[in-house]
**Q** 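Pasting in a structure now, in structure tokens, and then I'll have a few things to ask.
Computed from heavy atoms alone, side chains included, the values below leave out hydrogens, waters and symmetry copies. Read the numbers this way: they start at 1 and go in the same order the structure lists the ligands and their atoms.
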Amino acid sequence: MTETLTRRGLLIILSSPSGAGKSTLARRLRDWDPDLGFSVSATTRKPRPGEVDGEHYRFVTEAEFKSDVAAGEMLEHAHVFGNFYGSPKGPVEEAINRGCDVLFDIDWQGAQQITNSALGQHTLSIFILPPSIAELRRRLETRAQDDADTISRRMQKSWDEISHWGGYDYVLVNDDLDATENQLKTIISATRLRRQQQPQLTDHVRDLQSEFEELA
Ligand code: ADP
Ligand code: 5GP
């Protein structure tokens, strides 16, 4: 059989305490595979300098957010650092039905909701740990994106996020960035070959069976 077997897209969830490196790794993965989509979350938090509406986040009011949730348009949603965040369902379903994977940069609450949903069988969840708490703080400080208060708040919340590491398919310690990037590529490449990502396998096996029976 020469026909190419199409595949179903994966929902690839990256979670970590803030500063462990998930945005950096997500950027590298998208350079590696330009077909990898990114789920642009809706949030009620205010944009940071340099953040573009519709690219980093869709910045919405609380009323807009709540109306989207009520209309069933969110795959998952959560309250994080005093703001609402959620992953719109439409673009994700469209991408995975086309056979494109979608990356999510979401917290443990969102990861749990997606993993427990009907799309759970097409989900790959990965948790990124820092090599140490001192290094986590150093990364937050060198990123120079937040003021001292915000960094303290993020550090205080980091244990809450880390404590959910056991709910993920894979857990990586992001010490050397290149090594972690390579580990992620290996995990994604292997998961793309999972049986449930290849819907046409059923037809292929049926064809093999017919051929087998004709020969018998
Ligand atoms: P997150 O998205 O998890 O909040 P970022 O990707 O913004 O974290 O990374 C925080 C900072 O740490 C950035 O300045 C980034 O360049 C740096 N960083 C990420 N991974 C590593 C690593 N393995 N070694 C050293 N610095 C890193
Ligand atoms: P930040 O405000 O720093 O961009 O994100 C704060 C936290 O919210 C991060 O842990 C990030 O992963 C998480 N987050 C961002 N978007 C979503 C989302 O759509 N759903 C959930 N559950 N968490 C999100």
**Q** One pair to check against side-chain contact (heavy atoms from CB on, under 4.5 Å): L29 and L103. What are the steps and the verdict?
**A** CA-CA 9 Å; L29 288 176; L103 264 182; 4.3 Å; yes
**Q** Suppose I only count heavy atoms of S18 and a 4.0 Å limit; which atoms of ligand 1 are within that range?
**A** 4 (O)
**Q** May I ask you to list the atoms of ligand 1 that are less than 4.0 angstrom from any heavy atom of L177?
**A** 20 (N), 23 (N)
**Q** Is R192 salt-bridged to D101, cutoff N-O under 4.0 Å?
**A**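 So R192 pairs with D101 through a salt bridge.
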**Q** For F104, is the nearest heavy atom under 4.0 Å from an atom of ligand 2?
**A**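 For ligand 2, residue contact (heavy atoms, under 4.0 Å) with F104 is absent.
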**Q** For T142 and ligand 1, does the shortest N/O to N/O distance drop below 3.5 Å?
**A** no
**Q** Please work out which of I106, I114, D107 has its closest non-hydrogen atom nearest to atom 22 (N) of ligand 2.
**A** D107
**Q** Give the atom numbers and elements of ligand 1 that come within less than 4.0 Å of a heavy atom of N174.
**A**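 That gives atoms 20 (N), 21 (C), 23 (N) of ligand 1.
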**Q** As a check for students: among E76, Q109, H56, identify the option with a heavy atom nearest to atom 18 (C) of ligand 2.
**A** E76
**Q** Which ligand 1 atoms, with their elements, are less than 4.0 angstrom from a heavy-atom of S16?
**A**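 Ligand 1 atoms under the 4.0 Å threshold to S16: 3 (O).
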**Q** Could you check which of F81, Y85, W108 puts a non-hydrogen atom nearest to atom 2 (O) of ligand 2?
**A** Y85
**Q** Under a 4.0 angstrom heavy-atom cut-off, which atoms of ligand 1 come close to D175?
**A**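 Near D175, the atoms of ligand 1 are 22 (C), 23 (N), 24 (N).
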**Q** Which of the atoms of ligand 1 are close to G21, meaning less than 4.0 Å from one of its heavy atoms?
**A**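 Listed by number with element, the hits are 1 (P), 3 (O), 5 (P), 6 (O), 8 (O), 9 (O), 19 (C).
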**Q** Is the ring centre of Y85 less than 6.0 Å from the ring centre of F65?
**A**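 No, the ring centres sit 6.0 Å or more apart.
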**Q** Would you kindly specify which portion of R154 sits under 4.0 Å from ligand 2, judged on non-hydrogen atoms: side chain, backbone, both or neither?
**A** side chain
**Q** At the 4.0 Å heavy-atom cut-off, does S87 count as touching ligand 2?
**A** yes
**Q** Considering R138, K22, R139, which one's heavy-atom position lies nearest to atom 11 (C) of ligand 1?
**A**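 Going through R138, K22, R139 one by one, R139 has the nearest heavy atom to atom 11 (C) of ligand 1.
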